[in-house]
Structures are given as structure tokens and as C-alpha cells.
Number of protein chains: 2
Amino acid sequence: MRAGPSQEEIRRHNLGALLRHVHLGGPTSRAELTSRMGLNRSTIMALTADLTAAGLVREELPRETGRAGRPSLVVRPESARVYVFALDVGVDRLVAARVGLGGTVLDRRETVRRRGPFVMEEVVGPLAAFARQMHRKTRPDTVCVGAAAAFSGGVAREDGVVRFGPNMDSVDVPFGEEMARRLGLGLPVTVGNDANLGAMAEHTRGVGVGCRDLIYLHGDVGVGGGVIVNGALLGGHQGFGGEVGHMVVNPKGRSCGCGSLGCLEAEVGERALLEAAGRFENHGAQPYNGSNGSNGSGALIGRDAVRAVVDAADRGDIVAQAALGRVGDWLGLGVANLVNIFNPEMVVFGGTLREVYLGSAAQVRSRITTDALPPAREHLRLRTSALGDDATLIGAAELAFAQVLADPLEVLARAGS
Amino acid sequence: MRAGPSQEEIRRHNLGALLRHVHLGGPTSRAELTSRMGLNRSTIMALTADLTAAGLVREELPRETGRAGRPSLVVRPESARVYVFALDVGVDRLVAARVGLGGTVLDRRETVRRRGPFVMEEVVGPLAAFARQMHRKTRPDTVCVGAAAAFSGGVAREDGVVRFGPNMDSVDVPFGEEMARRLGLGLPVTVGNDANLGAMAEHTRGVGVGCRDLIYLHGDVGVGGGVIVNGALLGGHQGFGGEVGHMVVNPKGRSCGCGSLGCLEAEVGERALLEAAGRFENHGAQPYNGSNGSNGSGALIGRDAVRAVVDAADRGDIVAQAALGRVGDWLGLGVANLVNIFNPEMVVFGGTLREVYLGSAAQVRSRITTDALPPAREHLRLRTSALGDDATLIGAAELAFAQVLADPLEVLARAGS
């Protein structure tokens with residue numbers, strides 16, 4: 001109910017909108033920008049000139065138009081020059097990447113994370129070292145315009161503190177603050193829930209482009225969710241929205257790390273699948289204590305273990321097939337509930353749920369048919385993540401770019417100074 | 001990613017914003033509008049002059065300011081002159097009202113609806129007759145600017161067709177089209193799901209004013225839901241979003257009208273409560289076939305029956321207390337799931353769920369404590385509907401006003417011609 005925007009706000013909006021076009025859509029001709037943005041040619045020229053002067057885009061002749069007449073100049077993001085740091089803190093792994101404007105991954109480092117409680121130094125240490133290594137390799141004229149991290153846990157919008165992360169015993173962790181201090185770039189590190197960022201990534205660059213109502217389900221050790229409602233990420237009152245893994249689907253079911261019984265995570269997460277397949281080995285109080293890929297006794301854990309079950313089922317292993325059938329049934333019930341609640345256009349299975357879905361699609365679909373209201377499911381599309389294991393990382397990069405896309409010249413002036 | 005708005009769009013936006021201010025906030029001084037809308041005094045004066053000339057608002061001296069100096073004129077909606085028709089199609093009742101700009105109910109008619117399958121004439125007939133009666137009583141200078149209906153069923157956004165309504169056996173009912181034809185006002189009748197409209201009503205005029213993330217749960221025969229996400233109603237891809245009553249909470253539970261087992265509606269709806277309280281009587285295939293208030297054998301049904309159980313529990317009836325305890329436990333589980341999924345600021349219990357919640361608040365809260373993630377529930381407020389049985393009707397009125405608030409002068413010109 002506020003008044004309309006000022007001329008200065010409109011200009012800032014337009015600069016951001018143009019930059020977002022080439023950031024998400026890649027090199028775009030002036031003519032196309034003119035028609036897509038509904039502005040006249042001279043405005044597009046002026047906006048492009050401002051962004052070019054700031055070093056955010058450059059204009060060049062298109063390669064080959066095949067048409068007569070003077071070709072329209074193509075506006076291209078300065079991917080090699082303007083970049084962000086994207087970080088991903090999973091239960092099993094730590095990833096850092098340098099991502100250029102336009103979404104190009106310019107450099108990337110990854111290491112395994114030993115399962116167990118969160119220890120700040122064991123996470124920020126390796127990630128800061130990765131960032132330093134990558135930073136040293138950049139040319140002098142490059143400029144870092146942001147940094148953000150995906151974290152396997154619930155992140156408060158207000159202060160970026162990780163308020164819960166049952167699978168890493170993490171409670172009230174001021175991760176962003178500490179990470180920013182250790183990066184030492186003079187930039188804040190924005191933190192987001194990994195599944196929320198995966199949803200944003202699939203929505204902007206993955207299988208869900210053009211889809212305004214989308215649910216992304218992310219399997220790691222647990223099950224996370226990110227929900228896009230009418231084109232925007234569902235955050236809720238404090239930013240904890242989308243925790244669909246803790247929707248109870250089986251009130252007399254398996255116990256969950258959150259303390260409840262029968263959460264979706266407890267019924268379809270890694271442990272549920274491995275136990276049902278007779279491939280889970282518990283070593284004392286910590287459910288997992290080996291290094292990644294296998295536990296102390298040599299049994300596989302993590303993504304490798306989930307993939308092994310799906311592979312075994314493919315080869316005809318009846319126990320593995322039954323395990324996938326059971327998990328697929330609960331997964332289908334969870335999705336049916338979400339279909340009734342959100343009426344999404346698409347549900348995307350990412351992380352280890354990609355494999356689980358591929359191995360149990362019949363059960364998932366059958367359960368949706370039984371339990372979702374027909375009109376709510378009739379146009380539903382079920383898809384697997386297009387960005388694979390890096391969906392959450394790409395989402396973190398998009399979070400890091402958010403500021404420069406909102407106010408390109410201001411952020412660049414700050415970053416350059 | 002479109003360009004900024006034109007001057008004409010800004011003016012239209014500002015006219016709508018000013019009208020919305022006085023529509024929702026009541027008479028407001030020019031000075032207050034100036035500060036709230038962030039516009040200068042001369043712009044507010046010009047906008048007010050335009051709205052006054054169109055007969056949408058009028059300016060007058062405030063009653064008594066108690067302050068020295070020239071008082072700021074108060075802008076007041078023309079409630080007696082500009083109105084909409086609001087309709088409410090419940091399983092048990094039909095309501096029509098004439099609601100003035102500003103939300104004043106100017107006239108209202110209600111009749112019972114016999115439970116059973118939806119028959120078009122039995123619904124549009126009485127509602128059209130009510131509208132005619134009310135229309136005949138209006139002064140010649142009044143103007144109707146819209147009409148809308150709340151319907152107990154899932155309504156497609158695209159064409160306003162009621163696609164499902166298990167409690168009225170209604171499938172693919174073009175209710176809005178037929179209702180508009182019968183009203184004969186030359187106005188379309190916009191149709192919305194009753195619980196969605198209840199959510200909008202509580203958000204704009206009820207207990208949830210100022211609350212950007214709110215869930216409204218509506219108990220009728222079944223259980224409907226409406227979800228406000230970041231200030232806007234969750235519609236989903238086709239408009240069926242918010243059907244939280246068909247979230248399965250007890251997969252081996254009671255059978256639901258939708259064909260599933262253990263939906264929230266099946267566990268906490270009217271029939272679940274009455275059966276648990278030993279007060280349900282089934283007469284053949286139709287679960288209900290008496291007139292409203294009681295069935296053939298004299299047992300109460302509907303709101304009266306639900307209230308009777310709560311009253312009995314209050315008076316110490318152990319069976320009624322146990323029934324409420326059981327239903328409250330499932331209701332709490334459903335709310336806990338929604339808290340994890342949406343991280344809402346407030347959950348509002350409306351319709352018969354108002355009574356159910358008041359009679360089982362301890363169980364509801366206990367279950368939320370067990371099953372909702374602590375950070376997601378720590379600021380949660382549980383409330384009962386402020387608008388009572390008319391929440392859905394008031395929501396229909398707001399839906400009917402939506403057009404005139406979006407483009408005041410255009411809609412009024414059309415209505416007056």
C-alpha cells in the first residue's frame with residue numbers, strides 16, 4: 001500500500017532487471033532485451049552503458065546472425081571478472097566454488113566431512129583455505145561481489161544463525177559470521193538452508209525454469225525441502241519454512257533425529273532405506289562414525305550406499321527392491337500431502353532422493369494417485385534435479401549474487417573500493 | 001524482470017492504494033495518508049479529489065480533534081453508496097450479503113441448505129432471490145461494483161469452476177457462471193474456496209491483521225485450509241492450494257470422503273468427533289439426510305452437534321472429553337506438520353474448529369510441542385477466528401472488492417454506465 005517508486009528506484013530496478021536477464025539467460029541482444037523488458041531502445045542503451053562502465057557486462061557483435069542488416073549488439077555478463085564465493089556445508093562434504101556472473105563455475109574445491117557433531121573449525125577451516133587458494137589464482141582486475149553458503153540445517157532469516165541441524169547436532173551456530181571473519185574479504189556470508197537454495201537453483205537454472213510453483217525435495221542423510229510459491233521461496237515467519245522432511249506421515253513409525261516419530265525423513269531418509277535393505281550397520285551411539293563412503297566395518301554409507309541399493313534392485317536383488325518399494329510408498333505419501341497442500345506444478349527430487357525416486361517411481365506415482373486430490377495432481381510433473389549434487393551449491397551462488405542483482409552499481413562501487 | 005511502471009500505472013496504483021487504506025483502515029485523515037503512503041500532500045489531495053469525484057470516498061471534518069489549528073480532513077469510504085454482493089455456499093447453509101465499501105455489512109440473508117449432493121437450482125435459486133430482495137431495497141444512487149462467492153470446494157483459478165467438493169458431491173460445477181446469469185447484474189461472480197477466503201478475511205480484517213504468514217483452518221463438515229504466505233494467499237499452480245484437510249496424518253486411519261485414509265479431515269472433522277462422542281447416527285448411504293440442526297432421529301448435526309459435544313465436555317461428560325482429546329491430538333499433529341512446512345506466525349481456528357480447538361487446546365498444544373521443530377514454533381500464536389461464522393462471507397466480499405481496489409476509476413465508470 002506504499003506509493004509508486006521514484007525515478008531513481010525505477011532506474012535501479014531496471015539496471016538490476018537487465019543484469020538479471022543476462023545473468024540467468026546468458027548473452028542477449030539489445031533487441032531481445034528491448035522486447036523482453038518492455039522498455040524502449042534508448043533506455044536499454046543507457047542501462048547497458050551504465051552496466052558496461054561498471055564492468056558488469058560487455059557488448060560485442062554476435063558470432064553469426066545469418067541475417068542481412070546491421071546485427072544488434074549482444075550484451076554478455078562479465079563472467080570472468082565479476083564473481084562470488086559459494087559454499088556448501090553438507091553432512092558428508094564441504095564444497096567451495098568461485099562462480100562468475102552468469103552462473104559459470106570458474107573454480108571448485110571439495111572435501112569429505114566426517115559425519116558427527118558440527119565443529120566450527122573443522123568446517124570453516126577447510127572452506128576458508130579453499131577460498132584463499134581460489135582467490136590467489138584470480139587476476140588482479142577481478143572483483144568479488146558476494147559470498148553465501150548452503151547449510152544442512154534451519155537458518156534464521158533475521159541473523160543467519162543456524163538454529164537447528166539434527167543431522168550434525170548443530171544448534172544456534174553463528175556460521176555466517178564466523179565464516180565471513182575467516183574469509184577476510186570484508187564481505188558478509190549469507191547463509192541459507194541447503195534444500196531451500198536447491199529449490200531456488202532448480203527454479204532459476206535447473207529443471208524448474210519457468211515454473212512458478214515448485215517443490216524441491218533434497219535427500220542427504222535427512223530429507224530437506226524447498227518450496228517455491230508463485231515464483232518466490234517460501235520462508236515463513238522466521239525463515240524456517242519448507243521443512244517438509246519433518247512432516248509426520250506415519251505417527252506410529254520410525255523415530256526421527258528431531259525427536260518425533262514417523263517424520264518423512266525418518267521413513268525415507270538414508271537410514272530407513274539402508275535398514276530396510278539390510279545394509280545398515282550401527283556402531284554405538286553415533287549412527288555413523290567411519291569416514292565417508294564406508295563405515296568402520298567397510299559397509300558403504302552416504303550417497304554411495306543409497307546408489308548401491310538402487311543398483312542392486314536394478315540387478316534383481318529382492319531385498320533391495322522391497323526396501324525401495326517401502327521407501328517409495330512413504331515418499332509418495334509425503335508428496336501426495338504436499339500436492340494437496342501446495343498444488344505445485346512440479347516436484348523435483350534431488351540429492352540422494354534422485355536415486356531413490358528413480359528406483360521407486362512406480363510406488364511414488366501409485367501413492368500420489370491414491371492420496372492426492374485429482375484436480376491438484378492432474379498437471380503435476382515429477383522430475384529429478386537437473387543440477388545434480390551441485391544444486392545446493394548453485395543455489396548458494398545465486399544467494400550470493402542477490403545483492404548485486406538488486407543494486408548493481410552500488411554493490412560494485414562498494415566491492416571495488 | 002519487466003521494466004518499471006508508467007506514470008499512468010503509478011497513478012492507478014496510488015488511487016487503489018489510497019482506496020484500500022480507507023477500505024481496510026476506515027476513515028483516515030489526509031495527514032495520516034500522507035505519512036503512511038509516503039506521498040506528498042498535493043499528491044494525496046489530487047488522488048482524494050479523483051476518488052471523491054467518482055463517488056468512492058468523501059471528505060469531511062473530523063468530529064473533534066482536541067488540538068488547535070486547522071484539522072486535517074478525514075477521508076471516508078462511501079460505504080452506503082458503493083457495495084458488493086457476497087455469497088457463501090456452505091454444506092449446511094447459504095448466505096447472501098450486501099457489503100459496503102469499508103466492509104460494512106449493509107444487509108444479510110441466510111437460509112439452511114439440506115445436506116446432500118449439490119443441485120445447482122437449489123443453491124443459485126435462493127441466493128439470487130436474496131440478492132434481488134436486497135437490491136430492491138437500495139437507494140437509486142447506489143452502485144454495485146462486484147460480486148463473489150465462497151464455496152465449500154476446490155475452485156480452479158483459471159475459470160472459477162468448482163472442480164471438487166467431496167462433502168457436496170460436487171464435481172466440475174460452473175457455479176460462478178450460472179450464479180452471474182441468475183443475478184443478472186451484468187457482473188461476473190468470482191468464486192473462491194471458502195477456507196481460502198476465510199484466511200484472507202482474517203488476514204485483512206480479523207485476528208491476523210498485520211500477520212504476513214498465517215494459516216486458517218476452517219471446520220465445516222470437512223476441514224478446509226487457507227494459507228497466507230508473505231502476505232499473499234497461497235493458490236498454487238491452478239488455485240487448489242491450501243487443501244490441508246486432505247493431508248494424510250494417519251495412514252491406517254479413518255476413511256475420508258476424498259477416497260484416502262486418515263486425512264486430517266477424516267480424523268478431526270464433524271463425523272470423527274460425533275462418532276468418538278457416541279453422538280453420530282448414520283441413516284443409510286448418505287451420512288446425513290435430515291434437515292439442519294438435527295437428523296431424522298432428532299440427534300443434532302452440524303455446528304449445533306459440535307457445540308453440544310464441547311458443552312458436554314465442559315460439564316464433565318467423560319465420553320465427550322475423550323472424544324475431544326482424541327480429535328485434539330490429531331488436530332495438533334496436523335498443525336505441527338503445517339508449522340514445520342510453513343513456519344507461520346499464526347494459526348487461526350475457524351468454523352466448527354473454533355469450538356473444537358477451545359475444547360481441546362491442551363492436546364493441540366501438547367502435540368505441537370512434541371512434533372513441531374522448536375525454532376519453527378517458538379513464536380507461533382494459536383488463535384480463534386475473530387470473524388466467527390462469517391469469516392468466509394467477509395472473505396467473499398473482499399474478493400468482490402478486489403477489482404475496484406485494483407483500478408477504482410475504471411471499475412466505477414463501468415459500473416455506473
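Reminder, nothing fancy here: chain letters follow the sequence lines and each chain counts from 1.
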* To do: Check for a donor-acceptor pair, side chain of A:Asn343 on one end and backbone N or O of B:Gln238 on the other, with a separation under 3.5 Å.
  => yes
* Asked: Do B:Asn337 and A:Val249 touch side chain to side chain, with heavy atoms closer than 4.5 Å?
  -> no
* Would you find a donor on one side and an acceptor on the other, under 3.5 Å apart, between the side chain of B:Ser260 and the backbone of A:Thr370? -> yes
* **Worked verdict on A:Leu338 versus B:Ile341 for side-chain contact (heavy atoms from CB on, under 4.5 Å)** => CA-CA 9 Å; A:Leu338 296 174; B:Ile341 294 170; 4.2 Å; yes
* Side chain, backbone, both or neither: which part of A:Leu214 has a non-hydrogen atom closer than 4.5 Å to chain B? -> neither
* **Modelled atom types, side-chain donor and acceptor of B:Asn340 and A:Glu243, under 3.5 Å** => no
* With a 4.5 angstrom heavy-atom cut-off, could you sort out which part of A:Asp371 is near chain B: side chain, backbone, both or neither? => both
* To do: Could you give me the CA-CA distance, side-chain angles and deciding distance for B:His237 and A:Arg212, then say whether side-chain contact (heavy atoms from CB on, under 4.5 Å) is met?
  => CA-CA 7 Å; B:His237 182 43; A:Arg212 297 190 66 77; over 6 Å; no
* Counting a contact as any heavy-atom pair under 4.5 Å apart, which residues of residues 152-166 of chain B contact chain A? -> B:Arg163, B:Phe164
* Asked: Do you know which of A:Leu380, A:Leu234, A:Val229 has the most heavy-atom pairs under 4.5 Å to chain B?
  -> A:Leu234
* Heavy-atom distance under 4.5 Å to chain A: side chain of B:Pro375, backbone, both or neither? -> both
* Is the closest side-chain heavy-atom distance between A:Phe342 and B:Val227 below 4.5 Å? -> no
* Set of side chain to side chain contact (heavy atoms under 4.5 Å, CB included) partners for A:Arg254, sequence neighbours left out -> A:Ala266, A:Glu267, A:Arg271, A:Ala272, A:Glu275, A:Arg326
* Any side-chain heavy-atom pair from A:Arg367 and B:Pro251 closer than 4.5 angstrom? -> yes
